[in-house]
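Reading through the structure tokens given below for one structure.
All values below were derived from every heavy atom in this structure, side-chain atoms included, with hydrogens, water molecules and symmetry-related copies excluded.
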Amino acid sequence: MSGQTSGQPSDLLDLIPVNAEIVVAVGAIPAELVAQYYRINPRVQWINLATPDLSYSDLQSETVDCLVWDATLIPDRHPVEHSDFEHSNLEYFNFEYFNVEQLPEILHRLRQGGQVLANIPNPQYWRNIVNLVRGKLESFPRLSGLTLGMIQNRFQEAGLQIYEIQTRGQKDQEFQQFQQLLQPMIQALGLEPSRFATQTAAQRYIVRAIKSTQPPRRLLIQTLMMAPTACDRVRVLEPDQFSRTIPGVRAVAAAKAWPQVAPVPGEEKVFIWQRTIMSRGEHLPRLQQLLQQGYLIIAEIDDNPLRRPEYAENHYLSYRGCHGVQTSTEPLATFLRQLNPNVAVFQNQLAYLPPLDMAKKVDPEKVNQARRVTLFFGALNRERDWQPIMAALNRVLVDYQDQVQVKVIHDRQFFDRLAIPQKDFEPFCSYDRYQAILQTCDLSLLPLAPTTVNLMKSDLKFIECAGHGVAVLASPTVYQGSIIDGETGLIYRTVKQFEAQLRELINHHELRQKMATNAYHWVRDQRLLCQHYHHRRDWYLQLRDQLPQLNRELRDRVPELFTES
């Protein structure tokens, strides 16, 4: 990306509130990075201020959700078009540095509670000092930047509450030598050594502020992941990533290890046990420790606990021993409320919405001539679900073997039973690889038998297919609550119906395309994480406010948690 200095615009993009309706960017944020934000939040209106005098004529609304100010980037290209999204309007502008004195001029557009994210070079950075002393003025930043004290004063004068300042810069061996050489000067000037080291180590500051008269409520969310392979990304890592864009929220997670992070003063604490099978001997002391430290304790589960007898053998301590439980479906919540009355449902959502594959929008006759229809199947523990339809599936595959190929992930038995040679197998793979394979397919099979375990599963497979523009043929179990039959997918209720509908989907590109597009738009409008992530933080704070009462309820359920060992 030409035209950049050492600034890292992704630092700011990772912090933009992902539910923002209007974002105003000051500085040359690269178009490809802004396109990534559109995949998270496709409804946003992103406005680049193009002129040095900051004309606001492009703003149609008085209310701005977030101001992104990057003072470290200089563009050197003319405007370029970006076509991933019709509404993206992403361009590079010939733009001189934004003057901090103009900050109040834009803040009247910022709503109460809106955020300012700033990437500001530090003129006190130690290499700048060395270059200045050596007379290498050409190496000194074009913008002298703001010192830490100046940043704090200017933001306060503008009515902004700074709730976090991050630093960027390496404390390498050369930096340590610089500090040692300047020790006599530091002492002679009466400077505080640790503060001087902090100020000179920062090449730039990442400043996060909120337009408010009060500082944000601070919340620390710590998660211990005991099943990271199966569901860490959807259930923990992506919600954590989005939660970190909320002012005052920190979220950290560790796989099968206690998260190493210390609370800061005034920070309310939440500890989440993800898919943890708790035993009294091992986990009672840990739970007691968390209670003594004032944590709100939450269990996270997105699978039927009846699949693992260890839960019952330990009297469901995993759920009874926590203040609350979060899960993915209402049937799961109904079961869990027998063990703990404080249950919240956070459905599985898509964090990123890929652009629709333009290759799937060409003329259907050309598609049929150019390539085969690609069927997809990828899931864990589905042998009993696909066995009833396997004979019918093979009859269709044999009849259309010149027009169809199949891609299978993980399930070797399913792959081996397929009656055509046009098939590809991928072992258990990363989530990114799974999505890349899914993106290349036209039609996905989603069979689920109506068992007790399956009835508590989520509709995530359909959501993933819809987000990648893949049509689905699904069982009614789980999916009839999400799929609009004939509009966003097809639902089969008998093996005969499965066979007939599969033939229809292979034969008719228009039908596949219509349903895939409808499902894609439904996910965009209803099931993106950016539309729902706030609910978790709101629920945690609600429970934090009820913590004394929740502790009394917990004492009634598991009294041994409150007895001294």
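Minimum interatomic distance between Arg39 and Pro355 (heavy atoms only, all atoms of both residues): NE-CD, 3.5 Å. Looking at every heavy atom in both residues, Ile301 comes nearest to Val325 through CG2-CG1, 4.0 Å. The minimum heavy-atom distance between Ser458 and Thr329, with the atom names listed, is CA-CG2, 3.6 Å. Nearest heavy atoms, Ile22 versus Ile47: CG2-CD1, 4.2 Å. Phe376 and Cys441 make their closest contact through CB-SG, 3.6 Å (heavy atoms, listed as atom of the first residue, atom of the second, distance). Arg250 approaches Pro263 most closely through the heavy-atom pair NH2-CA, 3.8 Å.
You'll find the side chain of Val44 stays beyond 4.5 Å of the side chain of Cys530, heavy atoms only. Ile272 is listed as a side-chain neighbour of Ile221, based on a closest heavy-atom distance under 4.5 Å. For the pair Glu426/Ile437, a side-chain contact is recorded, criterion being any heavy-atom separation below 4.5 Å from C-beta on. Between Leu350 and Arg527, every side-chain heavy-atom pair lies at or beyond the 4.5 Å cut-off. Contact check for Met278 versus Leu287: side-chain heavy atoms found under the 4.5 Å cut-off. Between His323 and Asn551, some side-chain heavy-atom pair lies under the 4.5 Å cut-off. Contact annotation: the side chain of Leu296 approaches that of Leu547 to within less than 4.5 Å [non-hydrogen atoms, C-beta and beyond]. The closest side-chain heavy-atom distance from His468 to Pro354 is below 4.5 Å.
Counted within 6.0 Å of CD on Gln170, heavy atoms from surrounding residues, nucleotides or ligands total 12 or fewer; the atom is thus considered open. The environment of Glu21 atom CD is sparse: at most 12 non-hydrogen atoms of other residues, nucleotides or ligands sit within 6.0 angstrom. Within 6.0 Å of CD on Gln173 lie no more than 12 heavy atoms contributed by other residues, nucleotides or ligands.
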Please tabulate, for side-chain N and O atoms in residues 174-190, each donor-acceptor pair with protein atoms closer than 3.5 Å (sequence neighbours left out).
| from | atom 1 | to | atom 2 | distance (Å) |
| --- | --- | --- | --- | --- |
| Glu174 | OE1 | Arg127 | NH2 | 3.1 |
| Gln179 | NE2 | Thr200 | OG1 | 2.9 |
| Gln183 | NE2 | Gln179 | O | 3.3 |

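To the nearest 0.5 angstrom, Leu541 atom CG is 9.0 Å from Leu543 atom CG. Taking OH of Tyr434 as the reference point, atom CD of Glu464 lies at 3.5 Å (rounded to 0.5 Å). Note that CD of Glu157 is 6.5 Å distant from CZ of Arg154, once rounded to the nearest 0.5 Å. Taken to the nearest 0.5 Å, the CG atom of Asp538 stands 10.0 Å off from the OH atom of Tyr533. To the nearest 0.5 Å, atoms CG (Leu15) and OG1 (Thr245) are separated by 8.0 Å. The line from CD of Gln112 to CD1 of Ile210 is 9.0 Å long, rounded to the nearest 0.5 Å.
With hydrogens and angles ignored, the 3.5 Å screen pairs no side-chain donor or acceptor of Thr223 with any backbone N or O of Met225. Between the side chain of Gln531 and the backbone N or O of Leu528, at least one donor-acceptor pair lies under 3.5 Å. With hydrogens and angles disregarded, a donor-acceptor distance shorter than 3.5 Å links the side chain of Asn122 to the backbone of Ala202. A donor-acceptor contact shorter than 3.5 Å links the side chain of Gln349 to the backbone of Gln347. A donor-acceptor pair under 3.5 Å is absent between the side-chain atoms of Asp302 and the main chain of Thr327, judged by distance alone. Between the side chain of Lys211 and the backbone N or O of Arg111, no donor-acceptor pair lies under 3.5 Å.
Gln274 and Thr276 share no donor-acceptor pair across their side chains, judged by distance under 3.5 Å alone. Looking at Gln288 and Arg286, their side chains never bring a donor and an acceptor atom within 3.5 Å of each other. When only modelled atom types and interatomic distance are considered, Tyr163 and Arg208 share a side-chain donor-acceptor pair under 3.5 Å. Under the 3.5 Å distance criterion, with hydrogens and angles disregarded, no donor-acceptor pair is assigned to the side chains of Asn128 and Trp126. There is no side-chain donor-acceptor pair under 3.5 Å between Tyr540 and Glu268.
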**Study point:** Test side chain to side chain contact (heavy atoms under 4.5 Å, CB included) applied to Gln326 and Trp539, step by step
**Key:** CA-CA 10 Å; Gln326 63 186 42; Trp539 186 61; 4.1 Å; yes
Practice item. Determine, stepwise, if the pair Glu267 / Arg218 fulfils salt bridge (Lys or Arg N to Asp or Glu O under 4.0 Å). Key: CA-CA 5 Å; Glu267 198 170 45; Arg218 294 189 177 274; 5.8 Å; no
Exercise for review: Show your reasoning for whether side chain to side chain contact (heavy atoms under 4.5 Å, CB included) applies to Val24 and Trp46.
Suggested key: CA-CA 6 Å; Val24 173; Trp46 185 286; over 6 Å; no
Exercise for review: Mind running side chain to side chain contact (heavy atoms under 4.5 Å, CB included) on Leu219 and Arg537 for me, showing each step along the way?
Suggested key: CA-CA 8 Å; Leu219 186 69; Arg537 179 255 192 184; 3.9 Å; yes
Practice item. Apply salt bridge (Lys or Arg N to Asp or Glu O under 4.0 Å) to Arg233 and Asp432, showing your working. Key: CA-CA 10 Å; Arg233 185 163 175 168; Asp432 287 336; 2.6 Å; yes
Practice item. Show your working on side chain to side chain contact (heavy atoms under 4.5 Å, CB included) between Leu148 and Tyr205 and close with a plain yes or no. Key: CA-CA 8 Å; Leu148 187 58; Tyr205 296 110; 3.8 Å; yes
Practice item. List the steps and the verdict of salt bridge (Lys or Arg N to Asp or Glu O under 4.0 Å) for Arg244 and Asp14. Key: CA-CA 9 Å; Arg244 284 191 285 267; Asp14 290 343; over 6 Å; no
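For Trp273 and Phe271, the ring centers sit closer than 6.0 Å to each other.
Geometrically, Lys269 engages Tyr295 in a cation-pi contact, judged by NZ or CZ lying under 6.0 Å from the ring centre and within 45° of the ring axis.
Electrostatic pairing of Arg235 and Asp303 does not count as a salt bridge here, judged by no charged N lying under 4.0 Å from a carboxylate O.
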